[in-house]
Amino acid sequence: MKYILLKAQTICLLFGFVLAFAQQKMKIPADAVFYMEINGRQLNKKIDWQKFNPFLQEVAKEGKEKPSWTDYSKTGIKYDATQYHYAIFNDSVKAYTAHFILDNKEKFQEFINSTKKKGLEVSKKNNYSYVNLDDDVFVAWNGNRAVLKMISYSKPYKDWMEEDSMTVAVDSAVAVIDSTAAVVADSAYADEQEKPFDYKEEIQILKDDIKYLKEDIKEHNTEIARIQKDIKYLEKHHEYPKEKKGSTDTIYSDKNTEVLPPPAEDENMEAEETEEDLAYQKELDSLNIERFKVVKKLAESDFDKYFSSSLEIEVSQDVISFRDLNADVFVYSDYGRIVNEGIYGRMMKRFEFGQIFNTMYNSNSSYNLYFEKDKVKLVNNYQHKDPDVQKNFSSIYKGRKNKKLSALINDKSMGYYMVNLNGSKYFDLMYSLLENSGESDYQKEMELIMETMKIVLDEEAITKIAPGNGIFVLNELKSKTVEYTDYDYDDDYNEKEVKKTKEVMVPNFTFAFATDNERYWNRIFDVLATNKKTAKKFSKKGDYYEFKEGKATGYLDQLFFTVRDGIVYITTSMDNTFPKSQSEKSKQWMKDSAKYPISGRLDMQRLLIGLEKEFKTTSERKIMDVFKKNIGEMYFKTEVKGNRIETEVDYNIKNSSENSLMYFFDLVDDIYKIKESEKKTPIL
């Protein structure tokens, strides 16, 4: 029995220690709209510091001065450790925080000293040191941890869109700072107390208004007199008065023309303006100082909280539920809070049914980024916060496959975008958004709207018109000469229209979608071909309907329409409506397009080559050559996985970089060198 009791006490004691330790962890704020983890263990292996370091030095230097820090690979930050970043914003505070692990405190302090403004001293606290690199950038550190914080504060104000004019804005900053900081904030931004009515002061204000109006009239009369003199001079001499050399005033050569003396300067005007400017600058400086005090206090409060904890970061499971530990970078964004708590959300609250839109955006997204050897991979997971709405979103991505549309994919095409969605499920999604809009005051009206929509809309008939399968194929870009109107001016500034031509790139494409109601679309095309107005450009030729602009001014002056075997085609060439020969590679694209609800690809190199004529200047052509040499191909696919919608985007690189991370560095470095060479080249 004693053994059992002892064991129980030991377990309780251990549990208590674990609980106490867990409570000391630093939790990211619950209202964080952005969270990011950088996997330093993997990314540090992919960075070539011999290339990266000189580039950072070049970018960091000012003018011809040598950079104060020469080795960014040795800043004292442990690059092979995980970094944590998060951001918050509310009615008064916007802050971005980054947490780093240090491996050399002395090196880090040297780096900070080389970065901070001259004259700023490092403040030492009980368990950490900190300094402000700028008015809104602070950094704190101890022996093995560092925190960078960018923070701004603005006094919350009464939004003009709020319905209740008596609502008082609540300052969120007061919740996180002590009473001293609150007093500082109030001293900086508090509204002046209402003073008793003073009729003498009111009379003086009205007199000042009269003085301003008289001065304004005087200025206008002076300008009118000057213009009238110009008119008389032009009528007599057919030209403007000649200016004397070295004079800035216009002197009229006509003897009968009165020369206006320069306006007399008010001796007190300059002094008054100077006093006003100084008073304004003094007030502005005071506000900036008080704002800085608030920001500094907020930063100190966060630093105190962090360095008094176990220095471990605790993140809600909801935030990291889709994190892949093998990813180089993980990002979470609360899209619902970003949209609904910003100006857009406040604007929607003004409208009676605005909550519908807020409900629509009430979602979050997670991103896992991978810098692989030959490609960059980005995996996005989308999830609506309401399970019922998410279920309806997912149901849209479960449509039927259509091999006829997939057959339009071919090797020669530059790219395609394919969808296999369930069109009928859009109605269910729309109804669920209405049901979950939270408009309790208009619940009966909402129910009536939904019932009316279900009666008026024949969902089955609409779905047959376009079930949800479609494809867009970009085959190529063709050069075309188009006419346009420009304007020239003669010596007397008379305008003259001039017809000119230029070369533009026109897409050769096919847009096709499935239909279960061919008759409906044929009737639409028949109406266009027989209507008196539209028949001038829209006509029927065999099994095709043709739209022809008839002028050489448009980019798309000819389109073909047809309906065949349950497919509606809209294309720039009739040949595009028939399947092309496919290699093994394009057959794989075809399989993927039939497998996934959404998929596509784009050969960006061929796209740039097609757009080559759009780049005119020498600089643009040089940058264009860099992109043509290095840019790769993009491929993406979307599918439903469990309670989320997952989209994977792959970008394949085509140069000799060590990996896809350094690929982006090499690309930026080449463009930077082109820009720098242009600055050094003298303009003749």
Side-chain angles (χ1 to χ4, degrees), residues 21-22 24-28 32 34-56 69 71-87 96-112 139-149 306-307 309-333 365-381 646 648-653 657-668:
F21 180 77
Q24 291 177 356
K25 286 186 177 181
M26 175 68 180
K27 294 182 179 180
I28 69 165
F34 169 86
Y35 173 76
M36 177 171 66
E37 283 186 18
I38 297 178
N39 191 337
R41 180 175 56 84
Q42 293 184 174
L43 274 182
N44 191 53
K45 297 176 182 177
K46 300 176 182 180
I47 296 177
D48 185 348
W49 284 105
Q50 289 185 344
K51 286 184 177 181
F52 204 53
N53 198 58
F55 175 76
L56 289 177
W69 191 260
D71 193 349
Y72 287 89
S73 65
K74 297 178 180 178
T75 59
I77 297 174
K78 188 175 175 59
Y79 289 122
D80 58 356
T82 303
Q83 295 180 17
Y84 303 91
H85 302 244
Y86 56 86
Y96 184 94
T97 307
H99 289 261
F100 308 93
I101 295 178
L102 303 181
D103 60 6
N104 191 320
K105 178 184 176 182
E106 288 71 25
K107 273 288 182 186
F108 182 75
Q109 288 185 239
E110 290 178 17
F111 174 65
I112 292 300
V139 61
W141 66 94
N142 65 3
N144 54 10
R145 292 288 194 279
V147 183
L148 176 71
K149 200 167 192 69
Y306 174 68
F307 286 103
S309 71
S310 65
L311 305 182
E312 296 295 326
I313 303 296
E314 183 177 341
V315 187
S316 169
Q317 190 59 38
D318 293 338
V319 172
I320 58 175
S321 57
F322 300 129
R323 178 189 60 182
D324 182 1
L325 294 176
N326 293 318
D328 294 318
V329 180
F330 169 76
V331 174
Y332 166 87
S333 61
S365 290
S366 298
Y367 304 85
N368 287 290
L369 179 63
Y370 309 81
F371 292 102
E372 299 179 358
K373 176 67 177 177
D374 57 349
K375 70 178 179 181
V376 181
K377 183 170 74 172
L378 177 67
V379 180
N380 164 239
N381 288 284
E646 182 179 283
E648 179 181 328
V649 181
D650 295 332
Y651 176 74
N652 299 307
I653 66 174
S657 299
E658 296 95 315
N659 52 63
S660 57
L661 176 62
M662 293 307 297
Y663 158 81
F664 284 106
F665 160 75
D666 291 337
L667 189 61
V668 172

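Atoms considered below: every heavy atom in the structure, side chains included; atoms not considered: hydrogens, waters and symmetry mates. Fair warning: this is a prediction, and the values are worked out from it, not measured in the lab.
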- Query: Nearest heavy-atom pair of Ser365 and Asn380: which atoms, and what distance?
  - Reply: CB-ND2, 3.5 Å
- Message: Using every non-hydrogen atom in the two residues, find where Val139 and Trp141 come nearest and quote the distance to one decimal.
- Response: O-CZ3, 3.6 Å
- Note on the structure: d(Asn659 CG, Leu661 CG) to nearest 0.5 Å is 5.5 Å
- Message: Could you measure the distance from the OH atom of Tyr96 to the OH atom of Tyr86? Nearest 0.5 Å is fine.
- Response: 11.0 Å
- Task: Indicate yes or no: at least one non-hydrogen side-chain atom of Tyr72 is less than 4.5 angstrom from one of Phe111.
- Result: yes
- For Asn326 and Tyr370, test the side chains for any donor-to-acceptor distance below 3.5 angstrom and give the result as yes or no. no
- Query: Hey, what do you get for CZ (Arg145) to NZ (Lys78), rounding to the nearest 0.5 Å?
  - Reply: 10.5 Å
- Message: So which atom in Asn142 and which in Leu102 form the shortest heavy-atom distance, rounded to 0.1 Å?
- Response: O-CD1, 3.8 Å
- Message: Are Leu325 and Arg323 packed together at the side-chain level, in the sense that at least one heavy-atom pair is separated by less than 4.5 angstrom?
- Response: yes
- Query: Between Lys375 and Tyr651, is NZ or CZ placed under 6.0 angstrom from the six-membered ring centre and within 45° of the ring axis?
  - Reply: no
- Message: If you take the centroid of each ring, where Trp contributes its six-membered ring, are Trp49 and Tyr79 closer together than 6.0 Å?
- Response: yes
- side chain to side chain contact (heavy atoms under 4.5 Å, CB included) between Ile28 and Ile313, worked out: CA-CA 7 Å; Ile28 69 165; Ile313 303 296; 3.8 Å; yes
- Message: Is the distance between the ring centroids of Phe52 and Phe665 under 6.0 Å?
- Response: yes
- When rounded to the nearest 0.5 angstrom, what is the spacing between CD in Gln109 and CG in Asn104? 9.5 Å
- About how many Å separate OG of Ser660 and CG of Asp328, when rounded to the nearest 0.5 Å? 7.5 Å
- Message: Are Val147 and Phe307 packed together at the side-chain level, in the sense that at least one heavy-atom pair is separated by less than 4.5 angstrom?
- Response: yes
- Message: Is any side-chain heavy atom of Val329 closer than 4.5 Å to one of Asn39?
- Response: no
- Message: Angle between ring planes, Phe100 versus His85, binned at 30° and 60°: parallel, tilted or perpendicular?
- Response: perpendicular
- Query: Just how far is it from atom CG of Asp103 to atom CG of Asp80, taken to the nearest 0.5 Å?
  - Reply: 7.5 Å
- Determine whether the aromatic ring centres of Tyr306 and His99 lie less than 6.0 Å apart. yes
- Message: Do Leu378 and Tyr367 make a side-chain contact, defined as non-hydrogen atoms from C-beta onward lying under 4.5 Å apart?
- Response: yes
- Kindly give the heavy-atom pair with the smallest separation between Asp324 and Asn368, and that separation in Å. N-OD1, 3.0 Å
- Query: How about Val376 and Leu369: do any of their side-chain heavy atoms sit closer than 4.5 Å?
  - Reply: yes
- Item | Atom NZ of Lys377: over 12 foreign heavy atoms under 6.0 Å | yes
- Message: Assess the residue pair Phe664 and Phe371 against the criterion (side chain to side chain contact (heavy atoms under 4.5 Å, CB included)); give the C-alpha distance rounded to whole Å, side-chain angles, the decisive distance to 0.1 Å, and a yes or no.
- Response: CA-CA 10 Å; Phe664 284 106; Phe371 292 102; 4.3 Å; yes
- Message: I'd like to know if Glu658 pairs up with Lys373 as an ion pair, taking the criterion as any Lys NZ or Arg NE/NH1/NH2 lying under 4.0 Å from an Asp or Glu carboxylate oxygen.
- Response: no
- Item | Closest non-hydrogen atom pair, Asn53 against Ser73 | OD1-N, 3.7 Å
- Query: Run the side chain to side chain contact (heavy atoms under 4.5 Å, CB included) check on Leu43 and Ile38 step by step: do they pass?
  - Reply: CA-CA 8 Å; Leu43 274 182; Ile38 297 178; 3.4 Å; yes
- Does Asp666 come within less than 4.0 Å of Lys51, counting only side-chain N to carboxylate O? yes
- Item | side chain to side chain contact (heavy atoms under 4.5 Å, CB included) evaluation trace for Asn144 with Leu311 | CA-CA 10 Å; Asn144 54 10; Leu311 305 182; 4.0 Å; yes
